[in-house]
Amino acid sequence: MSLNVSGHPLLDPRISLPGYAYVQDQASSVRVPYSPYAITNCLQAWILDYIADPPRTLDGDVAWLTALTGRQTGKSLVAELGFYPLAAYSPGWSHVCVADDIKRAQHLHGRVHFTHSNWDPLLRSPTRATNERNQLVFDNLVGGSMIQLGAGSGSIGIGRSIDSIHLSECGYWDDFSGVMSLFYPAMLNRAECRAIFECTPTESGDDWHEHYMMAKAGGGRHMAMFLPMWDSKLNRRSWVKGDRMDNEEIALMNRYPLLTMENMAFRRYSMRTDRSLARNPSDFFKYYPVDDVTCWGSGKSGMW
């Protein structure tokens, strides 16, 4: 089988994923058509925009995206799914996913394989057998490869040639800066290399915090994107009729006008469910941030 899709809309994940991709529903795990707006208002659509048409530096190089957002927004999955059409329909394309550990990388690989298996059979890019477990390798005449790695896998960046790379949950790597120093040589001189760094907020002053601040300032080829908790459609619960907000909730609503009563109900629900959050309520805005300044923890003290 040979597919000629050079310049075809299939290469654009903003078109091909809503058109042909299936995923497991966040709430029920049943198979559903993919929509970038199913669980977020902007985040997933913006990541697909970046993959399809990335901004460039003054030198004409593709810029690298750093995404900071809260839990359960689908940021890891959409990054992998977004690169799937490019790897499936671009001969020789080399995509690498690096997660904090190999098990999470394999989990993401399983989600991508689910989408691949459920793609329209007439359009699905043929794969070829490989001895490597953590790879999706397409026929040479049609596509390239998608490789999954764990951040603790040794000298994982040396000797690679990368067209796209997805760096997942960077703040939980054992040595984020050290691992990236091995990857950057495979990325810096590749003008078309696309890169997505993503994670939730971690601790103030750690490698991930410093990386995000550098990207926010536009260092090198880096750029940053932050999405607050209200961008996620999952961070909502029904407000009980007749309930009154306490002083802290009123202050939060006044400070952040885009917060809704449903967001406040979700905060209450989370702290009633999670005893750790009940003991340390400030941690809620680390996991579900409202801005990119106050979301960073400060180590063992738990203070902000």
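Just so you know, these numbers come straight off a predicted model, no measurement behind them. Below, all heavy atoms of this structure are taken into account, side chains as well, without hydrogens, waters or symmetry copies.
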List the steps, then state whether side chain to side chain contact (heavy atoms under 4.5 Å, CB included) holds for E169 with F176. CA-CA 10 Å; E169 299 297 353; F176 173 66; over 6 Å; no
If you count every heavy atom of other residues, nucleotides or ligands that lies below 6.0 Å from [X] atom [atom1], does the total exceed 12?
| X | atom1 | answer |
| --- | --- | --- |
| N247 | CG | no |
| E262 | CD | yes |
| Y184 | OH | yes |

When you compare the side chain of [Y] with that of [X], does any pair of heavy atoms fall below 4.5 Å?
| X | Y | answer |
| --- | --- | --- |
| R56 | E192 | yes |
| C295 | V290 | no |
| C42 | L227 | yes |
| T200 | Y288 | no |
| R268 | M264 | no |
| Y89 | L123 | yes |
| H222 | L65 | no |
| L108 | H166 | yes |

Rounded to the nearest 0.5 Å, how far apart are [atom1] of [X] and [atom2] of [Y]?
| X | Y | atom1 | atom2 | answer |
| --- | --- | --- | --- | --- |
| L86 | S94 | CG | OG | 12.5 Å |
| M180 | F197 | CE | CZ | 4.0 Å |
| Y20 | L122 | OH | CG | 9.5 Å |
| K75 | M225 | NZ | CE | 10.0 Å |
| D120 | R124 | CG | CZ | 8.0 Å |
| L43 | F226 | CG | CZ | 11.0 Å |

Side chain [X], main chain [Y], donor-acceptor under 3.5 Å:
| X | Y | result |
| --- | --- | --- |
| Y84 | A79 | no |
| W239 | D243 | yes |
| N280 | D283 | no |
| N263 | L259 | no |
| W296 | D292 | yes |
| S181 | G178 | yes |
| W93 | P85 | no |
| R194 | I51 | yes |
| N41 | D231 | yes |
| W173 | S168 | yes |

Fit a plane to each ring of Y256 and W230, take the angle between them on a 0 to 90° scale, and name the class: parallel (under 30°), tilted (30 to 60°) or perpendicular (over 60°). tilted
Write down the atom of [X], the atom of [Y], and the distance for their closest heavy-atom approach.
| X | Y | answer |
| --- | --- | --- |
| A224 | Y212 | CB-CE1, 3.7 Å |
| M223 | P55 | SD-CG, 3.3 Å |
| W64 | C193 | NE1-O, 3.1 Å |
| Y172 | P201 | OH-O, 4.0 Å |
| T73 | T40 | O-CG2, 3.5 Å |
| C199 | G171 | SG-N, 3.3 Å |

Common cluster, [X]/[Y], ILVMFWY with side-chain heavy-atom separation under 4.5 Å:
| X | Y | result |
| --- | --- | --- |
| L48 | Y37 | no |
| Y22 | L81 | no |
| M214 | L68 | no |
| W119 | V32 | yes |
| F183 | I147 | yes |

As a quick check of understanding, evaluate side chain to side chain contact (heavy atoms under 4.5 Å, CB included) for I196 and F83, giving each step before the final call. CA-CA 10 Å; I196 296 176; F83 286 119; 3.8 Å; yes
Ring centers of F138, H116 separated by less than 6.0 Å: yes
Determine, stepwise, if the pair M253 / M261 fulfils side chain to side chain contact (heavy atoms under 4.5 Å, CB included). CA-CA 8 Å; M253 293 283 284; M261 299 285 281; 4.2 Å; yes
Using only heavy-atom distances, determine whether the side chains of [X] and [Y] contain a donor-acceptor pair under 3.5 Å.
| X | Y | value |
| --- | --- | --- |
| T202 | D206 | yes |
| N118 | R31 | yes |
| S76 | E198 | yes |

Assess whether side-chain hydrogen bond (donor to acceptor under 3.5 Å, both in side chains) is satisfied between Y287 and Q72, documenting all intermediate values. CA-CA 9 Å; Y287 302 141; Q72 297 298 305; over 6 Å; no
Looking at R111, H109, H95, which hits side-chain hydrogen bond (donor to acceptor under 3.5 Å, both in side chains) with E80? H95
Might you work through the side-chain hydrogen bond (donor to acceptor under 3.5 Å, both in side chains) test for S161 and R190, ending with a clear yes or no? CA-CA 9 Å; S161 179; R190 296 182 66 82; 2.9 Å; yes
Salt bridge check, R14 against D49: does any charged N sit closer than 4.0 Å to a carboxylate O? yes
Sidechain N-carboxylate O distance under 4.0 Å for R244, E249: no
Please assess R128 against N140 for the test side chain to side chain contact (heavy atoms under 4.5 Å, CB included), listing each intermediate value before the final yes or no. CA-CA 9 Å; R128 58 185 176 87; N140 289 335; 3.4 Å; yes
Within 45° of the six-membered ring axis of Y269 and under 6.0 Å from that ring's centre, is NZ or CZ of R237 located there? yes
Could you give me the CA-CA distance, side-chain angles and deciding distance for H211 and W208, then say whether ring-ring contact (aromatic ring centres under 6.0 Å, His included) is met? CA-CA 5 Å; H211 170 87; W208 172 240; 5.6 Å; yes
